[in-house]
Student: 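Encoded as structure tokens, here's the structure I'll be asking about.
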Amino acid sequence: MGMTMTQKILAAHAGVEKVSAGEIIQANLDMVLGNDITSPVAIKEFEKTGATKVYDQNKIALVPDHFTPNKDIKSAEQVKVMREFAKKMGIVNYFEIGQMGVEHALLPEKGLVKAGDLIIGADSHTCTYGALGAFSTGVGSTDMAVGMATGKVWLKVPEAIKFVITGKFQKWVSGKDLILHIIGMIGVDGANYKSMEFTGEGLKELSMDDRFTIANMAIEAGAKNGVFEVDEKTREYLVEHGNKVFTEYKADEDAIYEAIYSIDLNELKPTVAFPHLPENTKTIDEVGEVIIDQVVIGSCTNGRIEDMRKAAAVLKGRKVNKNIRCIVIPATQKIWQQSMNEGLFDIFIDAGAAVSTPTCGPCLGGHMGILAEGERCVATTNRNFVGRMGHVKSEVYLANPEVAAASAVTGKISSPDELK
Amino acid sequence: MKAEGKIVKYGDNIDTDVIIPARYLNTSDPKELALHCMEDLDTGFVEKVKTCSIMVAGDNFGCGSSREHAPISIKESGIKCIVAKSFARIFYRNAINIGLAIIDCPQAVEEACDGDTFSIDFDNGSIVNQTKNKTYKIHPFPEFIQKVIQENGLISMVKKQFS
Ligand code: SF4
């Protein structure tokens with residue numbers, strides 16, 4: 001019986017020939033990540049272990065991105081705990097304001113994660129790096145603490161679901177629509193405890209940014225991880241971001257999958273997830289008239305350069321509706337600069353949108369765009385739970401950047417095709 | 001190990017955003033977090049835990065954000081054990097890691113009503129719904145997880161390596 005892609009990465013990091021689903025292993029870590037919400041808790045727990053140093057100063061990344069630039073005194077205190085810990089422990093990859101970005105956009109960009117790696121992060125969207133052919137998964141602060149102290153994590157070897165992708169995207173359809181379609185199909189716990197493995201000739205149609213978006217939202221189907229087969233695009237991306245040496249894993253021919261789905265990209269339409277679960281999906285032709293108050297374009301899901309370009313292409317020469325606050329947040333400093341240099345900010349600002357420094361901000365209802373009672377927001381983020389972006393009686397609709405931009409113009413959920 | 005008490009029951013897909021909303025995550029003080037536990041779903045929760053010590057819920061409990069603040073706030077609020085139809089995986093491992101007892105037992109959840117009394121025996125692997133006079137068998141944890149629970153969480157277990 002063969003192993004899945006995920007199982008092979010896990011076996012290699014547990015130092016064994018073979019693992020099988022259900023088994024609990026102790027695996028060696030290539031990277032441990034934390035942010036300004038989860039790290040302070042982890043640091044407290046780290047201190048309780050009695051460890052006096054971290055397992056590897058180069059293999060920990062601390063990114064203050066959730067409530068930063070510090071939104072209030074308490075947030076400032078939390079980041080201070082992180083900063084001082086990073087200094088004391090000599091942690092190389094601490095990213096201060098001015099260098100930081102939303103963690104899951106930042107780590108791949110900095111070349112800190114690569115194919116074949118095993119990564120944990122005290123943030124549920126750590127699964128993003130599966131786009132690079134790595135095993136990466138979200139854990140809690142205690143796991144992060146133990147990871148920092150010992151360089152190891154306990155993991156239950158997951159079963160897997162395979163997604164075979166074929167075809168080509170139609171206009172206005174991208175990675176976000178594919179993953180929303182999948183979550184709509186299998187449900188928010190459809191892949192609970194399992195791996196989602198993406199393969200098929202259609203992968204070549206998916207840009208790296210598409211793949212990051214898709215792997216990012218694996219957790220929204222409950223998955224432990226989402227992982228893409230490595231191809232020419234992955235290799236190019238890795239080399240471009242400073243990783244010449246990495247390991248590619250392919251699933252065995254006879255690997256066991258709990259289910260196999262075939263998805264033809266040609267059949268997908270722009271897709272929107274209605275409140276209050278990412279599985280409540282409708283295609284754009286089914287949404288009806290939903291009047292909105294705010295649009296957020298950003299986050300670790302869709303705050304990358306391609307997303308900025310797509311939103312700008314729709315907003316170019318148009319105006320944000322006077323009833324809408326449109327907030328654009330490039331996910332990292334590099335993406336920010338690139339957007340600026342490409343003239344995208346002129347387009348956003350001429351349209352009447354606000355452009356923010358990188359932050360998670362409104363995505364988690366932190367700051368920079370909180371919703372009042374009864375307000376509705378179209379966001380390119382990944383979660384639309386009750387109260388996610390503010391008041392318990394506010395609503396979040398998840399969409400791709402082009403739909404979000406078009407909705408900012410019309411003031412209701414819209415396809416870019418509706419624009420004059 | 002045993003736990004006994006009245007239950008407070010919730011539905012499916014209870015996410016960590018409603019267990020502890022992000023607006024309170026600028027602190028990691030368990031006592032402060034406990035004051036706001038579940039408030040977006042049930043403003044009466046803090047009152048209820050004065051008499052209820054077991055939380056019961058449907059499928060996919062604890063989905064969403066990995067914030068350990070969620071199980072911490074539940075534990076600190078006075079809940080001794082969560083029985084759900086199923087748990088989201090990050091919540092599951094966080095609860096185990098901090099030594100908060102959790103059990104998946106769909107049938108016991110299905111047949112329970114808010115306010116029933118449960119008595120749970122982890123050693124013989126059973127849940128008794130005393131109000132309904134019914135007993136349910138629970139699966140034993142895998143060996144490694146049993147060890148984590150016995151040692152009262154992952155940190156105490158790891159501590160030995162460094163002392
Ligand atoms: S952008 Fe949103 S989902 Fe991504 S890490 Fe930040 S808060 Fe989490």
Side-chain angles (χ1 to χ4, degrees), chain A residues 22 24 26 37-38 40-42 44-46 48-52 66-67 71-75 77-78 81 121-126 137-146 149-150 154 156 158 187-189 192-193 219-220 222-224 276-277 364-366 370 383 385-388 390 392, chain B residues 12-18 21-30 32-33 39-41 43 59-72 85-99 141-145 147-148 153-163:
Chain A
I24 292 182
Q26 296 289 330
I37 289 180
T38 56
V41 180
K44 240 197 262 171
E45 297 303 310
F46 175 89
K48 284 189 207 158
T49 65
T52 49
H66 278 58
F67 294 144
K71 74 161 177 142
D72 56 18
I73 296 168
K74 282 183 177 172
S75 316
E77 298 290 348
Q78 301 212 110
V81 169
D123 188 281
S124 57
H125 294 102
T126 302
T137 193
V139 295
S141 295
T142 298
D143 283 311
M144 178 187 170
V146 170
T150 65
W154 68 269
K156 192 160 147 192
V188 288
D189 59 355
N192 201 5
Y193 295 99
I219 178 71
E220 306 315 330
K224 185 171 204 133
H276 290 285
L277 284 176
L364 79 157
I370 304 301
R383 282 195 179 129
F385 297 156
V386 170
R388 174 74 178 176
V392 273
Chain B
D12 291 337
N13 298 315
I14 304 298
D15 61 78
T16 53
D17 269 85
V18 310
R23 59 184 180 277
Y24 302 118
L25 297 185
N26 55 4
T27 177
S28 54
D29 175 16
E32 220 180 310
L33 294 170
E39 76 175 28
D40 279 359
L41 185 69
T43 45
D59 273 318
N60 204 25
F61 185 88
C63 59
S65 156
S66 66
R67 57 189 72 162
E68 208 160 292
H69 310 65
I72 290 173
K85 286 188 182 168
S86 64
F87 291 90
R89 64 159 282 277
I90 303 180
F91 185 92
Y92 184 88
R93 62 183 297 134
N94 285 349
I96 302 283
N97 283 346
I98 66 165
F141 285 118
E143 207 177 312
F144 174 80
I145 294 180
K147 223 165 106 198
V148 178
L154 196 61
I155 296 293
S156 346
M157 206 166 140
V158 168
K159 230 181 195 163
K160 291 188 186 137
Q161 281 182 41
F162 294 100
S163 56

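No experiment lies behind these values; they were computed from the predicted model shown.
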Student: Please give me the minimum heavy-atom distance between T49(A) and F162(B), naming the atom from each residue.
Tutor: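 The pair with the smallest heavy-atom distance is O-CB, 3.5 Å.
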Student: Please assess D17(B) against V386(A) for the test side chain to side chain contact (heavy atoms under 4.5 Å, CB included), listing each intermediate value before the final yes or no.
Tutor: CA-CA 8 Å; D17(B) 269 85; V386(A) 170; over 6 Å; no
Student: Give the intermediate values and the outcome of side chain to side chain contact (heavy atoms under 4.5 Å, CB included) for residues V146(A) and N97(B).
Tutor: CA-CA 10 Å; V146(A) 170; N97(B) 283 346; over 6 Å; no
Student: Closest approach of A122(A) and S66(B), non-hydrogen atoms and distance?
Tutor: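 That closest heavy-atom pairing would be C-OG, 3.5 Å.
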Student: Check whether any side-chain N or O of N94(B) sits under 3.5 Å from a backbone N or O of G140(A) as a donor-acceptor pair, and report yes or no.
Tutor: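 Yes, the answer is positive, given that a donor and an acceptor are paired below the 3.5 Å cut-off.
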Student: Please state whether the side chain, the backbone, both or neither of E143(B) comes within less than 4.5 Å of a heavy atom of chain A.
Tutor: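 Interface part for E143(B): neither.
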Student: Between the side chains of R383(A) and S65(B), does any donor sit under 3.5 Å from an acceptor?
Tutor: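 Absent: no donor and acceptor within the cut-off.
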Student: Taking the inter-plane angle between the rings of Y193(A) and Y92(B) on a 0 to 90° scale, is it parallel (under 30°), tilted (30 to 60°) or perpendicular (over 60°)?
Tutor: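 Geometry flag for Y92(B) against Y193(A): perpendicular rings.
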Student: What's the separation between atom CH2 in W154(A) and atom CE in M157(B), rounded to the nearest 0.5 Å?
Tutor: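 Going from CH2 on W154(A) over to CE on M157(B), the span is 10.0 Å.
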Student: For the pair I145(B) and I24(A), evaluate side chain to side chain contact (heavy atoms under 4.5 Å, CB included) and give the outcome as yes or no after the intermediate values.
Tutor: CA-CA 9 Å; I145(B) 294 180; I24(A) 292 182; 4.0 Å; yes
Student: Please check: side-chain N/O of E68(B) versus main-chain N/O of T142(A), any donor-acceptor pairing under 3.5 Å?
Tutor: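 Yes.
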Student: With a 4.5 Å cut-off on heavy-atom pairs, point out which of S75(A), G50(A), S141(A) contacts chain B the most.
Tutor: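 That would be S141(A).
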Student: Shorter than 4.5 Å, heavy atoms on both sides: which option in V139(A), I370(A), I73(A) has the most such pairs with chain B?
Tutor: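 Heavy-atom pair counts peak at V139(A).
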Student: Counting only non-hydrogen atoms closer than 4.5 Å, does L41(B) touch chain A with its backbone (N, CA, C, O), its side chain (CB onward), both, or neither?
Tutor: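 For L41(B), neither part sits under 4.5 Å from chain A.
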Student: For the side chain of R89(B) and the backbone of I219(A), is there at least one donor-acceptor N/O pair under 3.5 Å apart?
Tutor: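 Side chain of R89(B) to backbone of I219(A), a donor-acceptor pair under 3.5 Å: no, none is there.
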Student: Just give me the residue among G22(A), A145(A), A149(A) that pairs up with chain B most often, heavy atom to heavy atom, under 4.5 Å.
Tutor: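 The option with the most such pairs is A149(A).
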Student: Should we count NZ of K85(B) as having more than 12 external heavy atoms under 6.0 Å?
Tutor: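 Atom NZ in K85(B) is packed in, count exceeds 12.
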Student: Tell me, side chain or backbone of E45(A) under 4.5 Å from chain B's heavy atoms, or both, or neither?
Tutor: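 For E45(A), heavy atoms of backbone and side chain both lie under 4.5 Å from chain B.
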Student: Nearest 0.5 Å, what's the CG-CG distance between L277(A) and D12(B)?
Tutor: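 One finds 9.5 Å between CG of L277(A) and CG of D12(B).
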Student: Sort P21(B) into side chain, backbone, both or neither according to what part of it lies under 4.5 angstrom from a heavy atom of chain A.
Tutor: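 Neither the backbone nor the side chain of P21(B) comes within 4.5 Å of chain A.
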Student: Could you go through the side chain to side chain contact (heavy atoms under 4.5 Å, CB included) check for F144(B) and Q26(A) one step at a time?
Tutor: CA-CA 10 Å; F144(B) 174 80; Q26(A) 296 289 330; 3.2 Å; yes
Student: Closest approach of P40(A) and S28(B), non-hydrogen atoms and distance?
Tutor: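 That would be CB-OG, 4.5 Å.
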Student: If you look at every heavy atom in V41(A) and H69(B), which pair is closest and at what distance?
Tutor: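 That would be CG2-NE2, 3.6 Å.
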Student: Taking all heavy atoms of N26(B) and all of K74(A), pick out the closest pair and write down the distance.
Tutor: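 For N26(B) and K74(A), the tightest heavy-atom pair comes out as O-CB, 3.2 Å.
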Student: Only pairs of heavy atoms separated by less than 4.5 Å count here; which of L364(A), V188(A), D143(A) has the most with chain B?
Tutor: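 Of L364(A), V188(A), D143(A), D143(A) has the most heavy-atom pairs under 4.5 Å with chain B.
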Student: Is it the side chain or the backbone of E39(B) that comes within 4.5 Å of chain A heavy atoms, both, or neither?
Tutor: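 The answer is neither part of E39(B).
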Student: Counting only heavy atoms closer than 4.5 Å, note whether F91(B) contacts chain A via side chain, backbone, both or neither.
Tutor: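 Looking at F91(B), nothing touches chain A.
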Student: Go through R23(B), R93(B), K159(B) and name the one with the most non-hydrogen pairs under 4.5 angstrom from chain A.
Tutor: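 Sorted descending by pairs with chain A, the first entry is R93(B).
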Student: Taking N192(A) for its side chain and F87(B) for its backbone only, find out whether a donor-acceptor pair lies under 3.5 Å.
Tutor: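 Between the backbone of F87(B) and the side chain of N192(A) there is a qualifying donor-acceptor contact (under 3.5 Å).
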Student: With a 4.5 Å cut-off on heavy-atom pairs, point out which of A51(A), G390(A), G222(A) contacts chain B the most.
Tutor: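 Top option by heavy-atom pairs under 4.5 Å: A51(A).
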Student: Which one, S124(A), G121(A), G387(A), leads in non-hydrogen pairs under 4.5 Å with chain B?
Tutor: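 Going by pairs under 4.5 Å, I would pick S124(A).
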Student: Under 4.5 Å, counting heavy-atom pairs only, tell me which of V18(B), I98(B), L25(B) racks up the most with chain A.
Tutor: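 It is L25(B).
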